[in-house]
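Take a look at this one; I'll ask things after.
Note that ligands are numbered from 1 as they come in the structure, with each ligand's atoms numbered from 1 the same way. On a predicted model such as this, the values are computed, not experimentally measured, just so you know.
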Amino acid sequence: MKFFVDTGNIADITRLHALGIVDGVTTNPSLMAKESRKPHEILKEICDLVQGPVSGEVVATDYEGMMREGRELREISEHIIVKVPFTPAGVQACKTLTEEGTRVNVTLVFSAAQALIAAKVGAYFVSPFVGRLDDIGHDGMDLIEDIVEIYDNYEFSTQVLVASTRGPLHIIQAAKLGADICTCPPAVLDALFKHPLTDIGLERFLKDWEKAQQK
Ligand code: E4P
């Protein structure tokens with residue numbers, strides 16, 4: 001399973017990329033708004049650094065506007081994936097952009113029916129938001145299970161990009177279900193490294209080694 005980092009923060013991406021665990025990056029308008037530079041400049045820098053899929057999202061809500069923004073975004077780099085919201089206009093833009101050879105990530109997906117439609121119009125990635133479903137009392141992972149089953153039944157090539165992840169459990173559950181990718185905030189990727197027994201074990205090894213040096 002691939003790991004994407006869900007941020008527009010260059011420092012976090014640089015740090016995590018150096019560890020060798022980042023396959024790509026997802027951004028959204030809220031994440032970009034937290035940064036101080038222009039979104040296109042940031043996206044270019046991320047693409048140059050990661051050399052893998054980097055999702056940049058349109059903010060237009062009509063088909064023509066999405067097409068214009070999508071075409072501008074894809075000029076930034078060959079690594080750009082144009083992200084469109086799951087709306088009728090977004091679905092239509094996904095179809096046209098895909099026909100033009102642009103890879104599209106259909107985002108804000110909250111049902112299996114939406115994921116099925118995204119696959120039918122050739123989405124490269126579909127982004128179901130598990131954390132936001134959990135927040136309203138649903139089990140986000142049930143949605144991932146449904147989408148993986150449906151895509152397998154029809155051999156759709158659309159990749160399941162599990163989004164809105166909140167902690168290590170989401171990542172493990174997504175991996176068990178066979179999802180293609182998890183996009184994680186930096187703190188979630190950091191949390192994947194942590195285990196108290198690793199820390200205790202390392203501390204003990206180092207102390208024992210120090211004692212052995214005094215013999
Ligand atoms: C996905 O691409 C989105 O950027 C994202 O995962 C949103 O998650 P949130 O619910 O943490 O805002």
- Message: Strictly under 4.0 angstrom, heavy-atom based: which residues surround ligand 1?
- Response: D6, T26, N28, K83, F129, R132, A163, S164, R166
- Do F110 and P128 have side chains that get closer than 4.5 Å, going by heavy atoms? no
- Going by heavy atoms in the side chains, are F156 and L116 under 4.5 Å from each other?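 Yes, side chains in contact.
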- Would you find a donor on one side and an acceptor on the other, under 3.5 Å apart, between the side chain of T165 and the backbone of T183?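 The answer is yes, because a donor-acceptor pair under 3.5 Å joins these two groups.
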- Task: Spell out, as yes or no, whether a donor-acceptor pair under 3.5 Å connects the side chain of S77 to the backbone of H79.
- Result: yes
- Report whether I76 and I10 are members of the same hydrophobic cluster (ILVMFWY, side-chain heavy atoms less than 4.5 Å apart, transitive linking).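 Yes, it is one cluster - the side chains of I76 and I10 are joined through contacts under 4.5 Å.
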- Item | Residue pair I181 / F125, side-chain heavy-atom distance below 4.5 Å | yes
